[in-house]
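Beneath this line is the structure, given in structure tokens, with notes to follow.
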There are 2 protein chains.
Amino acid sequence: MAEDDDPGELNLALLCFIAYRAMENRVLEDLAAAGFGDVTAAQGRVFARIDPDGTRITDLAERAQVTKQTAGFLVDQLERAGYVRRVPDPRDARARLVQIAERGQAATEVAGRTEAAVEAEWTHHLGRASAVQLRQALTRLREITDPYR
Amino acid sequence: MAEDDDPGELNLALLCFIAYRAMENRVLEDLAAAGFGDVTAAQGRVFARIDPDGTRITDLAERAQVTKQTAGFLVDQLERAGYVRRVPDPRDARARLVQIAERGQAATEVAGRTEAAVEAEWTHHLGRASAVQLRQALTRLREITDPYR
DNA sequence: TGACTTAGACAGATTCTCTTACCATTATTA
DNA sequence: TAATAATGGTAAGAGAATCTGTCTAAGTCA
């Protein structure tokens, strides 16, 4: 992660990170203000990848790019805090599905509102056309940077 | 960090994170292959923000968004591994400047080449115009997402 | 000079993450 | 069908990264 000699010309990835971090902080902040102050960033990164009908630990681990053990550890915490529940997977007796619980749903709504608000700010700052292009570019980039999904 | 209901329409920040992570992994991989396998991601994130003429711990902490203690801890490790050195700051006897040492310079060159290669891949995938727009958008976004610099 | 601030380090605890090892279930195959 | 391999998940333990609190030394300013 070296820096360009020319200051102000950071590499694309670092620029991505700065934006990402800003959003994460805002979401965590608003969650805390809404009474969900016990969610950590690591928990949030796993939580954000749960499908509406539930997701297996193994898949969550893959998506969040952590080991199964780490994903299980974070899901344990989310479960104890009431954000998710584990139910047996009807299609495979070995597996369990992590589903979003009531408290998790409430937190999702708060987070979603913040995300929308921050995206609106970004769109306002960039201009509509530029923001749309940004999303398109990042989505296309995902084709070669995200091995999952 | 909630996910959109519509799959495939992840929020902008998550898209940023995916790209960032891909670059970080590639750089760390190539560094390891070049004999710099002892650098961790956290160390790299601090290292990447050292100015050519050296930077104070406090500033590094601010830029990397960690506490001074964490920055000092990571710089300790980088120093022991020979990537950086600490020298007294001639302008302030309390402060010390973290500077890139020989080994760090060599690693910087490897990382720089990887970054350039990955950016070239991205540019190729997106097309030149789109890649330029992406950089412009992210740079402008930095104005409202990066409190430092 | 004295009060306050800033730069940095040390100690300790917590959180996150990994590796290794293991169990249960499912899939494969001889 | 029985043995073997692969998959989903957990457990234990260690290491890495991070924080809060506290401390010293040095600079700033009234």
Report yes if at least one side-chain N or O of [X] is closer than 4.0 Å to OP1 or OP2 of [N]; otherwise report no.
{"X": "R86(A)", "N": "dG9(D)", "value": "no"}
{"X": "R45(A)", "N": "dC16(C)", "value": "no"}
{"X": "T40(A)", "N": "dC16(C)", "value": "yes"}
{"X": "T70(A)", "N": "dC18(C)", "value": "yes"}
{"X": "T58(A)", "N": "dG9(D)", "value": "yes"}

To the nearest angstrom, how far is [X] atom [atom1] from [N] atom [atom2]?
{"X": "E24(B)", "N": "dT17(C)", "atom1": "CD", "atom2": "P", "value": "12 Å"}
{"X": "K68(A)", "N": "dC23(C)", "atom1": "NZ", "atom2": "P", "value": "15 Å"}
{"X": "R96(A)", "N": "dT7(D)", "atom1": "CZ", "atom2": "C1'", "value": "16 Å"}
{"X": "L78(A)", "N": "dC16(C)", "atom1": "CG", "atom2": "P", "value": "10 Å"}
{"X": "R94(A)", "N": "dA6(D)", "atom1": "CZ", "atom2": "C1'", "value": "8 Å"}
{"X": "D92(A)", "N": "dT7(D)", "atom1": "CG", "atom2": "P", "value": "12 Å"}
{"X": "N25(A)", "N": "dC19(D)", "atom1": "CG", "atom2": "P", "value": "11 Å"}
{"X": "D89(A)", "N": "dT10(D)", "atom1": "CG", "atom2": "P", "value": "13 Å"}

Check: [Y] main-chain N/O paired with [X] side-chain donor or acceptor under 3.5 Å:
{"X": "H125(B)", "Y": "I144(A)", "answer": "no"}
{"X": "R49(B)", "Y": "R45(B)", "answer": "yes"}
{"X": "R103(B)", "Y": "A81(B)", "answer": "yes"}

Exercise for the section: Describe the nucleic acid contact of R91(A) in one word from base, sugar-phosphate, nothing, applying a heavy-atom distance below 4.0 Å. Expected result: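 Nothing, no heavy atom under 4.0 Å.
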Practice task
Using the closest heavy atom to pick a nucleotide of DNA chain C for each, name whichever of Q43(A) or A95(B) lands nearer the 5' end.
Solution key: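 Upstream on the strand: A95(B).
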Looking only at side-chain atoms of [X], point me to the closest of [options].
{"X": "Q77(A)", "options": "dC16(C), dA17(D), dA6(D)", "value": "dC16(C)"}
{"X": "F73(A)", "options": "dG8(C), dT17(C), dG8(D)", "value": "dT17(C)"}
{"X": "R56(B)", "options": "dA7(C), dC19(D), dT10(D)", "value": "dA7(C)"}
{"X": "V66(B)", "options": "dT18(D), dT6(C), dC18(C)", "value": "dT18(D)"}

Exercise for the section: State plainly whether the residues R26(B) and E121(B) are in salt-bridge range, i.e. N to O under 4.0 Å. Expected result: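 Yes, R26(B) and E121(B) are salt-bridged.
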Practice task
Indicate whether the side chain of Y20(B) and that of E24(B) have a donor and an acceptor atom separated by less than 3.5 Å.
Solution key: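 Per modelled atom types, Y20(B) and E24(B) side chains form a pair under 3.5 Å.
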Problem - Modelled atom types, side-chain donor and acceptor of N25(B) and Q65(A), under 3.5 Å - result: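 The answer is yes; a qualifying pair exists.
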Practice task
Could you tell me whether the side chain of Q69(B) has a donor or acceptor atom within less than 3.5 Å of a complementary atom in the base of dT18(D)?
Solution key: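 Check fails, no donor-acceptor contact within cut-off.
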Exercise for the section: Take I57(A) and L74(B), find for each the nucleotide of DNA chain D with the closest heavy atom, and name the residue whose nucleotide sits nearer the 5' end. Expected result: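 With I57(A) and L74(B) compared, the 5'-side residue is I57(A).
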